[in-house]
Amino acid sequence: MTTKRLAGRVVVVTGAARGQGAAEAAALTREGAHVIATDVTEGPGIRPLDVTNETQWAQLASDLRESYGPIHGLVNNAGITWRARLDEVRAEDFARVHAVNVTGPLLGIQHLTPLMPAGASIVNVGSSAALTAHYPVAYTSSKWALRGLSKTAALELGPRGIRVNTIHPGFIETEMTASAAPAFREANLRETPLGRTGTVDEITPLVTFLLSDESSFITGAEIPVDGGYTAHGAAKSISDALRPGTPAAHTAAPARLSEASDSP
Ligand code: NAD
C-alpha cells in the first residue's frame with residue numbers, strides 16, 4: 001500500500017469551485033489532504049471567500065486556528081482575466097484584476113502563514129502571461145506582479161521553513177479560456193511546440209508535488225506547464241517557417257550561407 005503524500009495536511013485552495021481550482025482540490029484530497037475549498041462562486045463543499053476581502057481572510061484564519069491549528073498549504077489559484085488592450089483598459093478594471101490576482105494572494109499569505117509550521121508550502125498560480133508580453137495588459141501585469149510577490153515571500157518565509165513556488169499554466173481548457181475568441185486559441189496552438197492545449201489534470205500533479213515533501217528543497221521557483229509555449233522565446237515561427245519540407249526551406253540555399261544569414 002502506498003502512503004498518501006499529503007496525509008493529515010490541511011490545505012486551503014482559492015477559486016476552487018471550478019476549473020483548475022476544483023481539480024486541485026480533488027487531487028489534493030485524493031492524496032490525503034484535508035482541503036478547505038474556497039471561492040466567491042457557490043458550490044458543494046465550497047466555503048465562501050472573496051480573496052480581495054481582508055475581513056474574510058481574517059475570519060478564515062481564525063476559524064482554521066480553532067478547528068485545525070496548523071495549516072500546511074495554500075494554493076493561491078483564484079484569478080480573473082480582462083481582455084482590454086493597452087489603449088482601452090480603464091483604471092478601475094486594471095485595479096480590479098490586480099486586486100484578485102495579486103492582492104488576493106498577498107492577503108492569503110499574510111493571514112495564513114501565522115498558522116503555518118516549518119515544512120508548509122504555498123503555490124501561487126501565475127500564467128504564461130507572466131513570462132511574456134501577452135496583450136491583455138491588466139492580466140499580464142498582475143501576473144508579473146504575482147511573480148514579484150512570490151519571490152519576496154520565498155525570501156521572507158524561507159527562514160521559517162515555509163516554501164513559496166509559482167506555476168505558470170499555458171492555455172488550459174477551463175471556463176476562463178472557453179470565453180476567449182477562436183483566434184486566441186488558434187494563435188496559442190501555433191506558438192505551442194506540443195501543438196495542443198492542456199487540461200486541468202496536467203496542472204494538478206505539479207501542485208501536489210510542490211505541496212508535498214518531495215519538493216522540500218524547492219522554493220522561489222517558477223515552473224511553466226504550457227506545452228513549451230514560453231520556452232522558445234518567439235523562435236517557433238522561424239523554426240516552423242524553415243522546417244524541411246516547407247516552401248521557405250526549399251528556397252534556402254546553400255545551407256551554410258542560410259545558417260549564417262538566419263542567425264541574429
Ligand atoms: P476559472 O475562471 O475557470 O476559475 C477561476 C475561479 O476563481 C472561479 O471559480 C472564480 O469564481 C474564482 N474567483 C474569481 N474571483 C475570485 C475572488 N475574488 N475570490 C475568490 N475566488 C474568485 O479559471 P481557471 O482557468 O481555472 O484559472 C485558475 C487560475 O489559473 C487563475 O489564476 C488563472 O489566472 C490561471 N491561469 C489560467 C489559464 C488557463 O488557460 N485557463 C492559464 C494561465 C493561468
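One-based numbering, in listed order, for ligands and for the atoms of each.
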[X] touching ligand 1 at heavy-atom level, < 4.0 angstrom:
X	answer
G126	yes
G198	no
V40	yes
K143	yes

Those atoms of ligand 1 less than 4.0 Å from some heavy atom in [X]:
X	answer
N77	28 (C), 29 (C), 31 (C), 32 (O)
T177	39 (C), 40 (O), 41 (N)
G170	38 (C), 39 (C), 40 (O), 42 (C), 43 (C)
S127	43 (C), 44 (C)
Y139	33 (C), 34 (O), 35 (C), 36 (N), 43 (C), 44 (C)
D50	17 (C), 18 (N), 19 (N)
F171	40 (O)
A78	7 (O), 20 (C), 21 (N), 22 (C), 32 (O)

Contact check: [X] vs ligand 1, nitrogen or oxygen atoms, below 3.5 angstrom:
X	value
G21	no
T52	no
G19	no

Nearest non-hydrogen protein atom, [atom]:
atom	answer
atom 25 (O) of ligand 1	T174 OG1, 2.6 Å
atom 5 (C) of ligand 1	G79 O, 3.9 Å
atom 1 (P) of ligand 1	R18 NE, 3.4 Å
atom 6 (C) of ligand 1	G15 O, 3.7 Å
atom 43 (C) of ligand 1	P169 O, 3.2 Å
atom 40 (O) of ligand 1	I172 N, 2.8 Å
atom 19 (N) of ligand 1	V51 N, 3.0 Å
atom 10 (C) of ligand 1	D39 OD1, 3.5 Å

Do [X] side-chain atoms and [Y] backbone N/O form a donor-acceptor pair below 3.5 Å?
X	Y	answer
N101	I80	yes
S141	V137	yes
D39	A16	yes
D50	V40	no
N188	F171	no
H72	V10	yes

For this session: If the plane angle is over 60° it's perpendicular, under 30° parallel, otherwise tilted; pick one for Y229 and H232.
Result: perpendicular

Exercise. Parallel, tilted or perpendicular: which describes the rings of Y139 and H134, with under 30° parallel and over 60° perpendicular?
Worked result: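 Aromatic pair Y139/H134 classed perpendicular.
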
Seminar exercise, completed: Of T14, L49, T103, the residue with the heavy atom nearest atom 20 (C) of ligand 1 is L49

For this session: Please work out which of R96, H134, Q20, H168 has its closest non-hydrogen atom nearest to atom 30 (O) of ligand 1.
Result: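 Closest candidate by heavy-atom distance is Q20.
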
Exercise. For N76 and G104, which heavy atoms make the closest approach, and how far apart are they?
Worked result: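 Nearest pair, atom of N76 first, then G104: OD1-O, 4.4 Å.
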
For this session: Might you point out which heavy atoms bring G19 and T174 nearest each other, and give the distance in Å?
Result: CA-CG2, 4.0 Å

Exercise. Any idea which part of I80 is under 4.0 Å from ligand 1, heavy-atom wise: side chain, backbone, both or neither?
Worked result: side chain

Exercise. With a 4.0 Å heavy-atom cut-off (strictly under), which part of V200 contacts ligand 1: side chain, backbone, both or neither?
Worked result: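 Under 4.0 Å from ligand 1, V200 contributes no heavy atoms.
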
Problem set entry | Positive for side-chain contact (heavy atoms from CB on, under 4.5 Å) with L211, one of L74, V75, N165, L206 | V75

Looking at [X] and [Y], does any basic side-chain N land under 4.0 Å from a carboxylate oxygen?
X	Y	value
E173	R196	no
R47	D63	yes
R9	D213	yes
E31	K4	no

Exercise. Would N124 and T166 count as a side chain to side chain donor-acceptor pair (under 3.5 Å) if you check the C-alpha gap in whole Å, the side-chain angles of each, and the deciding distance to 0.1 Å?
Worked result: CA-CA 5 Å; N124 291 329; T166 311; 4.7 Å; no

